[in-house]
Number of protein chains: 2
Amino acid sequence: MEDQVPLSERYLKTMGRRMTPQRRLVVDILSQAEGHLDATDIYERGRRQDARLSLATVYRTLNILKEAGVVRELHLDDEHHHYELDHQDKHSHLICLSCGRVIEVDSTAFAEAAETIGQLYDFRIASAHVELTGYCADCRRKQEMTD
Amino acid sequence: MEDQVPLSERYLKTMGRRMTPQRRLVVDILSQAEGHLDATDIYERGRRQDARLSLATVYRTLNILKEAGVVRELHLDDEHHHYELDHQDKHSHLICLSCGRVIEVDSTAFAEAAETIGQLYDFRIASAHVELTGYCADCRRKQEMTD
DNA sequence: ATGCAAATGCGAACTATTCTCAAATACATC
DNA sequence: GATGTATTTGAGAATAGTTCGCATTTGCAT
């Protein structure tokens with residue numbers, strides 16, 4: 001994963017915002033993470049590198065990065081949000097209502113549909129997110145066995 | 001909008017749950033609503049018909065209906081969730097990061113893509129939801145004027 | 001180098017949502 | 001139609017994710 005900081009800095013500058021060590025840290029942590037992290041994950045990892053990082057700053061940073069289109073906010077469960085860097089490979093999530101498992105799906109089909117819709121509605125898309133909720137194969141099998 | 005209660009009752013029974021006046025009420029309110037409602041909206045409207053309805057029951061009912069695939073939970077903003085009946089015309093939402101406006105989009109393109117993905121991953125889709133966040137035409141225009 | 005708006009840290013505050021538990025009730029069975 | 005029981009409900013307390021307030025620090029334009 002290449003360094004995302006310079007790109008993020010450009011986005012911030014565009015919005016009249018500053019790049020700070022804390023924001024750099026959050027972006028770094030998100031680029032090094034494989035999947036999606038929640039705010040506490042980011043906070044804990046951040047503290048290992050900078051003991052002065054506060055949770056409020058993590059939240060503020062995530063919101064700003066979200067508005068800048070750098071970060072995508074996911075609603076995978078009802079506990080709290082998860083965040084991931086918003087790469088252009090817009091992918092979707094299959095969320096099992098029974099076991100909560102999250103399956104990631106790369107989908108160019110969705111990306112293309114999103115593109116079309118954006119143009120149609122004169123809407124500049126910063127981030128696309130598809131949630132398909134339902135029941136995974138495992139849970140369906142278990143369900144059938146108890147019938 | 002036809003009566004959604006019998007259908008919902010079938011879904012509930014399948015899950016080994018009971019139909020109650022409160023659940024009927026929630027389904028009724030959602031079918032009569034044009035767009036998406038939040039839990040408090042539903043609670044307030046429900047109280048007008050049944051003064052004994054409690055907010056906890058509204059939340060419980062919404063979660064059960066969500067698991068049954070009757071209701072879809074939306075994450076339009078960070079304040080709280082919104083809910084709507086999950087009709088098969090899976091539509092998407094364009095959410096403006098600047099003014100918060102929500103534009104509803106009917107999209108068969110997305111529905112078809114969802115179908116394909118579901119089959120590919122052996123996942124029974126109960127509900128599909130697409131969120132495209134970005135900037136609407138109005139906000140982009142305003143933004144340009146202040147540059 | 002300087003000034004100031006923007007950002008931070010800390011803890012308190014807020015608020016959406018869930019939990020607890022006794023009382024009420026849907027509904028399968030008789 | 002009556003009965004028994006597991007489910008559901010209401011009310012308020014509890015929880016937890018997220019934001020706020022404000023004094024202090026700091027990025028960065030000049």
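Labels below follow one simple rule: chain letters A, B, ... track the order of the sequence lines, proteins then strands, and each chain is numbered from 1. Note that the structure is a prediction, hence the values are computed from the model and not measured.
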Side chain of B:Leu55 (C-beta onward), nearest among C:dA26, C:dT8, C:dT17: C:dT17
Let's see if you can work this out: which of D:dT9, D:dG27, D:dA11 has an atom nearest to the side-chain heavy atoms of B:Arg23? D:dT9
Do A:Arg60 and C:dG9 share a donor-acceptor pair, side chain to base, under 3.5 Å? yes
Is there a side-chain contact between A:His80 and the phosphate of D:dT18, meaning an N or O under 4.0 Å from OP1 or OP2? no
Nearest-0.5 Å distance that lies between atom CG in B:Asp138 and atom SG in B:Cys96: 8.5 Å
Evaluate the side-chain proximity of B:Asp38 to B:His81: yes if any heavy-atom separation is below 4.5 Å, no if none is. no
Counting the benzene-type ring for Trp, do A:His75 and A:His82 have ring centres under 6.0 Å apart? no
Between C:dT17, D:dT26, C:dC27, which one does the side chain of B:Tyr59 approach most closely? C:dT17
For a quick check of understanding: with a heavy-atom distance under 4.0 Å over all strands, which category does B:Asn63 fall into, base, sugar-phosphate or nothing? sugar-phosphate
Kindly point out which of D:dG10, C:dC10, D:dC28 is positioned nearest to the side chain of A:Ser54? C:dC10
Between the side-chain atoms of A:Arg18 and the base atoms of C:dA5, is any donor-acceptor pair under 3.5 Å? yes
So, for B:Phe123 and A:Tyr135, is the gap between ring centers shorter than 6.0 Å? no
Would you list the pairs meeting salt bridge (Lys or Arg N to Asp or Glu O under 4.0 Å) in which at least one residue belongs to residues 57-68 of chain B, sequence neighbours left out? A:Asp78-B:Lys66, B:Lys66-B:Glu73
Is there a side-chain contact between B:Leu76 and B:His36 (heavy atoms, below 4.5 Å)? yes
The bend of the helix from C:dA1-D:dT30 to C:dC30-D:dG1, taken between the axes of its five terminal pairs at each end and rounded to 10°, is 60°
Minimum-distance nucleotide (side-chain atoms of B:Ala56 versus C:dA26, C:dC19, D:dT18): C:dC19
Counting only side-chain heavy atoms from C-beta out, which of D:dT18, D:dT9, C:dC27 sits nearest to B:Met19? C:dC27
